[in-house]
Amino acid sequence: MSESRKTDDPQMRTPERTEAQGEAQTRVRSVDPTALPKHFEALEVETRWDKVWQDSGIYHYDPSRPREETFVVDTPPPTASGSLHIGHVFSYTHADVVVRYRRMMGMNIFYPMGWDDNGLPTERRVQNYYHVRCDPNTPYEEGLKLEQASSKVRKKPARLISRPNFIEACFDLIKEDEEAFSETWHRLGLSVDWRQQYQTIDANSRRMAQRSFLDLWKKKEVYTSDAPTMWDVDFQCAIAQAEVEDRETPGAFHKIEFAVEGEAASFVIATTRPELLPACVGVTAHPEDERYKPFFGKRAVTPLFRAPVPIFPSEVADPEKGTGILMVCTFGDQTDVQWWRNEGLELRQVVGFNGRLRSVDFSEAPYESLDAEKANEAYGELAGKNLKQARAKIVEMLGDPAGSATGNGAPLQGEPEAISHAVKFFEKGDRPLELLPTRQWFCRLLDKKEQMLAKGEQIEWHPPHMWARYRDWTENLSLDWCLSRQRFFGVPIPVWYPLDAEGERDFDHPIVADLASMPVDPTTDTPPGYEEEQRGQPSGFVGDTDIFDTWFTSSLTPQISSHWGEDDDRHASLFPADMRPQGHDIIRTWAFYTIAKAMLHEDEVPWKNAMISGWILDPDRKKMSKSKGNVTTPLPLIEKYSADAARYWAASARLGTDTAFDENVWKVGKRLVTKMLNAGKFVLSQTGEVVPITAELDRAFVAKLKALVASATANHEVFQYANALQETESFFWTHFTDTYLELAKSRARAYADAEANPDQSFSAEEVALSGSAVASLRLGLSVLVRLFAPVLPYITDEVWSWSFAAESEGNAAKSVHVAAWPGEADFASVPEPAHEASFDIAVAALGAINKAKADAEVSMGREVNSLVLAGAADSLAVLEGVAEDVLGAARVSAHRFEEKASLGASEFEVVSIEFADKPERSA
RNA sequence: GGGCGCGUAGCUCAGUUGGUUAGAGCACCUCGUUUACACCGAGGGGGUCCGCGGUUCGAAUCCGUGCGCGCCCACCA
């Protein structure tokens with residue numbers, strides 16, 4: 001820490017700064033290496049620079065600049081639900097690298113940060129953290145203070161708190177979480193404009209989501225419908241298609257015998273859901289299935305409940321599966337819903353919203369039984385049980401011949417056959433989804449597939465094949481978007497329903513809130529034209545208690561940032577955005593819905609580019625996820641290797657590519673940072689006259705550098721930051737530190753030697769050559785620092801600040817991150833080399849001598865008294881132009897070049913070499 | 001069952017439109033090293049480019065096919 005403290009004082013870093021002020025500068029301002037930090041103290045550097053960047057406002061969006069100079073990022077608002085995942089560091093770095101490049105290209109960057117705090121993850125975390133449950137019937141408790149639940153408290157049932165108290169608790173917890181995230185983002189060096197922060201739950205976002213709903217209502221794109229919906233019995237909430245995932249789950253085929261009404265015949269169905277037998281409303285088989293053909297049009301009778309149900313043919317039934325004939329229930333799966341609709345079957349809803357079997361009466365419609373008494377007796381054993389318990393019970397009952405509808409003995413045929421099959425779950429849920437008829441709000445999307453595909457095509461996907469994921473999802477969409485959720489912490493649906501004289505809700509004439517009143521909460525706000533006293537009264541009104549699907553709000557992130565509908569100038573400047581960074585797992589949700597919203601509201605695309613990051617897999621190539629317990633948390637790694645190393649690791653992976661986590665890459669990043677520090681110290685401590693770059697080696701080096709800049713720039717332009725980094729890194733080691741630096745070193749030092757030895761005479765030419773080396777070393781460093789800046793913001797600004805900043809004007813004087821990206825201007829005054837191959841020839845010649853030293857097992861620094869080096873005539877001709885540098889670097893005092901025609905281009909051979917005596921070590 | 005991506009050194013990955021002897025870093029082996037850097041330097045070993053077949057003067061690259069891995073979708077009685 002002691003060394004690094006010195007760097008706090010900029011005067012210490014550039015000791016000759018004041019000396020050169022005010023007069024024409026004739027000498028390069030070198031820095032005193034002893035005043036520079038010995039080591040890279042990541043924590044200190046990162047804290048210091050983050051503060052500098054925030055204070056200087058270099059990341060601020062400038063609304064006065066025109067749209068075409070502005071680059072707008074639709075940053076993903078992370079779900080603030082506790083802890084950060086290493087995958088966050090990965091994908092957010094990708095976006096930041098792109099942003100930093102564009103900023104250096106002179107773009108006016110709009111880079112906000114949002115927090116996706118509305119929704120289930122927050123609710124669930126609040127439930128666990130405080131061990132509470134929201135109960136809308138519990139009265140509000142003013143000033144309720146909750147504390148993290150102890151393990152003792154957790155053993156008792158969760159405490160019930162009111163809806164407003166629950167929401168307050170959510171707000172409290174997200175505040176903490178968002179601060180923790182924010183800290184990590186700062187540490188990682190994300191160049192966001194922190195003035196542009198939002199939460200998906202804040203008043204503006206709520207207003208924006210409700211405005212969106214109002215617009216869709218006016219356009220007749222939203223509607224309510226009472227229909228079977230996927231339902232999570234734990235969250236007691238409707239779920240959208242996009243939130244569903246399949247999980248391979250053990251199950252069993254149960255073969256159950258049904259009777260045919262009025263006949264001696266019977267058949268056996270196979271089901272994995274025997275507990276839905278009381279909800280059976282029909283039986284179906286393939287129309288061509290000879291086994292069951294005779295039964296079509298007749299009625300089957302279920303065992304236990306003796307319910308007569310129609311037997312009908314259906315193309316969808318697969319004769320190969322199970323027994324080829326199956327029972328239709330309300331509802332076992334999506335095909336049941338189809339049959340139910342097409343055949344006009346009864347609705348027998350035995351599964352309750354809480355996942356337990358409701359009480360029903362088989363003597364009343366829609367239930368029916370040939371023996372209601374026995375049916376009710378059997379069902380009495382099941383009512384109140386959860387689905388798992390009910391399944392066990394009914395299997396037991398089906399094993400008893402008393403339940404048979406045929407008199408053939410036990411309805412259950414043989415042992416259940418264990419299978420493993422995919423079952424639909426809510427992605428955040430623990431129990432399988434049920435299909436329950438409920439009233440929900442939907443947004444029409446099924447009729448817009450073509451337009452959605454057209455919009456998707458207007459977007460550039462990076463990498464391009466990610467377009468296919470969007471296309472496939474859109475083409476295969478089978479349900480409209482279910483917008484309503486029976487939850488608490490989210491944006492309320494801004495709707496009330498009139499009550500008729502009997503107190504029944506009139507769903508056909510909902511009262512939608514007007515814009516001026518938004519954001520509203522219909523559970524506490526009064527609809528226009530009513531008095532609050534009429535709430536819940538006949539001929540009065542009642543507020544919708546549901547909230548929006550969290551994607552309904554987060555699909556508006558571009559509009560939330562652009563203040564759509566509130567500030568037209570700003571909206572015009574920021575919408576559509578230029579880039580949406582995100583993971584490929586949420587193409588079907590976040591990307592899809594965002595495209596939908598932009599289309600529905602303004603017939604626009606939300607952004608021009610979609611930048612899709614891959615996943616971090618654990619070393620066994622499995623996806624890291626909390627449920628698997630293989631998640632790596634980023635902060636300890638950042639502390640161990642530095643933020644720059646973390647970013648190096650992230651930026652090494654190409655877009656869209658899933659990458660196995662490998663700590664070695666962090667190590668390599670750390671090594672690169674150290675090397676940069678040392679190279680910077682060395683180059684900037686060189687002194688020389690300010691002269692043009694003239695020496696052949698220098699010109700050849702600059703030519704290579706120029707090619708690197710062209711290539712890296714081209715890569716960045718197409719979001720290929722990983723390629724840009726790789727070639728820059730490779731150049732840095734191979735052409736800069738390992739070769740050019742070594743080759744130009746002795747010449748660069750000549751001027752300093754001249755100053756130190758005034759007695760010796762140095763020609764003007766020698767001074768010019770020395771200055772040329774110093775100038776091109778500095779040019780190389782300056783260019784490389786800028787090329788690395790998007791990936792390694794800390795070390796690059798540190799090195800930049802030692803000297804380049806003070807020499808710069810305008811933005812570049814503040815920080816490398818607002819300096820100009822390297823380009824033509826940097827190389828304009830440097831002439832092309834006489835020979836294109838000069839640099840490679842010099843490197844090859846030095847390499848040959850080094851190899852001779854390695855073979856002789858002497859040090860690379862060992863002086864050479866005499867050397868005979870052979871090469872082809874062409875090579876030797878080029879070598880002449882750079883020979884002094886080669887011989888200087890190899891410490892050769894006497895040499896002879898010898899022609900050898902058999903050698904290829906850039907190939908040299910040491911014919912003989914004689915080393916000086918090993919120097920005595922000084923005490 | 002359909003789609004997308006992937007399979008290259010022990011590990012993590014590059015390999016542009018087909019073109020010398022297939023690359024990098026890490027790891028490994030040998031040697032060296034204190035005037036930028038041991039968070040170093042030089043040198044070295046290591047590959048049936050998943051298998052098979054085809055196109056071609058020439059294939060890691062293009063085509064076909066098989067196998068394996070990951071993801072998405074469909075099915076899921």
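A note on names: the letters A, B, ... follow the listed sequences, proteins ahead of strands, and every chain is numbered from 1.
- With distances taken from any side-chain atom of Thr335(A) to the nucleotides G43(B), G41(B), C76(B), the minimum falls on C76(B).
- Aromatic rings from Tyr648(A) and Tyr641(A) are positioned such that their centres are separated by 6.0 Å or more.
- Of all nucleotides listed (A36(B), C11(B), G41(B)), C11(B) comes nearest to the side chain of Asp662(A).
- As a whole-Å value, the separation of Asp318(A) CG from A74(B) P is 18 Å.
- Residue contacts shown for Asn723(A) are absent, as no nucleic acid heavy atom lies under 4.0 Å away.
- Remark: the separation of the C1' atoms in G10(B) and U17(B) is 34 Å, to the nearest Å.
- When distances run from any side-chain atom of Ser859(A) to the nucleotides C76(B), A36(B), G32(B), the shortest one goes to G32(B).
- Residue Met327(A) is classed as having no contact, given no heavy-atom separation below 4.0 Å to the nucleic acid.
- Base pairing analysis places A60(B) opposite nothing; no Watson-Crick or G-U wobble pair with both distances below 3.5 Å involves it.
- Under the side chain to side chain contact (heavy atoms under 4.5 Å, CB included) rule, Val316(A) has a single partner from Thr335(A), Thr284(A), Leu326(A), which is Thr335(A).
- The side chain of Val668(A) lies closest to G25(B) when the candidates are G25(B), G41(B), G44(B).
- Going from atom CG of Leu672(A) over to atom C1' of C40(B) covers 15 Å, rounded to whole Å.
- Look at the P atom in both A9(B) and U34(B): the space between them is 38 Å, to the nearest Å.
- A gap of 41 Å separates the P atoms of A42(B) and C63(B), to the nearest Å.
- Note on Trp666(A): nothing from the nucleic acid sits closer than 4.0 angstrom, heavy atoms only.
- Within 4.0 Å (heavy atoms only), Ala317(A) reaches at least one base atom of the nucleic acid.
- In this structure, U48(B) makes no Watson-Crick or G-U wobble pair, since no nucleotide meets both defining distances under 3.5 angstrom.
- Nearest to the side chain of Ala660(A), among C13(B), A36(B), G44(B), sits C13(B).
- When Watson-Crick and G-U wobble pairs are counted only if both distances are under 3.5 Å, C26(B) pairs with G10(B).
- At a threshold of 4.0 Å, the pair Glu729(A)-Lys675(A) does not count as salt-bridged, since none of the basic side-chain nitrogens sits closer than that to a carboxylate oxygen.
- Looking at Glu742(A), its side chain comes within 3.5 Å of the base of A36(B) through a donor and an acceptor atom.
- Atom pair His39(A):NE2 and C40(B):C1' shows a separation of 13 Å (rounding to whole Å applied).
- Between Thr284(A) and Asn850(A), the residue anchored closer to the 5' end of RNA chain B is Asn850(A), taking for each the nucleotide with the nearest heavy atom.
- If you take atom C1' in C37(B) and the same atom in G18(B), they sit 43 Å apart, rounded to whole Å.
- Nucleotides A59(B) and U20(B) have their C1' atoms positioned 15 Å apart, rounded to a whole Å.
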Review point. Does the side chain to side chain donor-acceptor pair (under 3.5 Å) test come out yes or no for Ser314(A) and Trp339(A), once each step is laid out?
Key: CA-CA 8 Å; Ser314(A) 165; Trp339(A) 285 315; 2.8 Å; yes
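- OP1 and OP2 of A36(B) both lie 4.0 Å or more from every side-chain N or O belonging to Ser685(A).
- Put simply, CH2 on Trp733(A) is 10 Å from P on A42(B), counting in whole angstrom units.
- One interatomic measurement links the two molecules: CG of Asp333(A) to C1' of A74(B), which rounds to 13 Å at whole-angstrom precision.
- Between Arg671(A) and C26(B) there is a side-chain N or O to OP1 or OP2 distance below 4.0 Å.
- Geometric assessment of Lys745(A) against the ring of Phe682(A) yields a positive cation-pi assignment under the 6.0 Å and 45° thresholds.
- Between Arg471(A) and Thr657(A), the residue whose closest nucleotide on RNA chain B is further toward the 5' end is Arg471(A).
- The residue Leu741(A) sits close to a base: some heavy atom pair falls under 4.0 Å.
- Taking the six-membered ring where tryptophan is involved, the planes of Phe701(A) and Phe731(A) are tilted, since the angle between them lies from 30° to 60°.
- A donor atom on one side chain and an acceptor atom on the other are not found under 3.5 Å apart for Asp644(A) and Ser642(A).
- Under the 4.5 Å side-chain criterion, counting only non-hydrogen atoms from C-beta, Leu477(A) is in contact with Phe592(A).
- In this structure U34(B) sits in no base pair that meets the Watson-Crick or G-U test at under 3.5 Å.
- When the P atom is compared between C6(B) and C13(B), the two are found 13 Å apart, to the nearest whole Å.
- The CG-C1' distance, from Asp658(A) to C13(B), rounds to 14 Å in whole Å.
- Remark: Lys675(A) is not in phosphate contact with G25(B), judged by side-chain N or O atoms under 4.0 Å from OP1 or OP2.
- The separation between Tyr470(A) atom OH and C72(B) atom C1' is 16 Å, rounded to whole Å.
- The aromatic rings of Trp461(A) and Trp467(A) lie tilted to each other, with the angle between the two planes from 30° to 60°.
- Contacts of Arg749(A) with the nucleic acid, taken as non-hydrogen atoms under 4.0 Å apart, involve only primed sugar atoms and P, OP1 or OP2.
- In this structure, the nucleotide among C4(B), G32(B), G43(B) sitting nearest to the side chain of Ala468(A) is C4(B).
- One can place CZ of Arg891(A) at 13 Å from C1' of G32(B), the figure rounded to the nearest angstrom.
- U8(B) and G2(B) are spaced 25 Å apart, taking the P atom of each and rounding to whole Å.
- Comparing C4(B), A36(B), G32(B) by their nearest atom to the side chain of His465(A) picks out C4(B).
- Among the nucleotides C76(B), C13(B), G41(B), the one closest to any side-chain atom of Thr659(A) is C13(B).
- Of the candidates C4(B), A14(B), C31(B), C31(B) carries the atom nearest the Glu857(A) side chain, counting heavy atoms from C-beta on.
- In a base pair of the Watson-Crick type (N1 to N3 plus N6-O4 or O6-N4) or a G-U wobble (N1-O2 and O6-N3), with each distance short of 3.5 Å, U17(B) is matched with no nucleotide.
- Pair assignment for G70(B): C4(B), on the basis of Watson-Crick or G-U wobble contacts that are both within less than 3.5 Å.
- Atom name P, nucleotides G1(B) and U65(B): the rounded distance is 15 Å, in whole Å.
- Distances shorter than 4.0 Å separate some side-chain N or O of Lys667(A) from OP1 or OP2 on A27(B).
- Note on Phe253(A): only backbone sugar-phosphate atoms sit closer than 4.0 angstrom, heavy atoms only; bases stay farther off.
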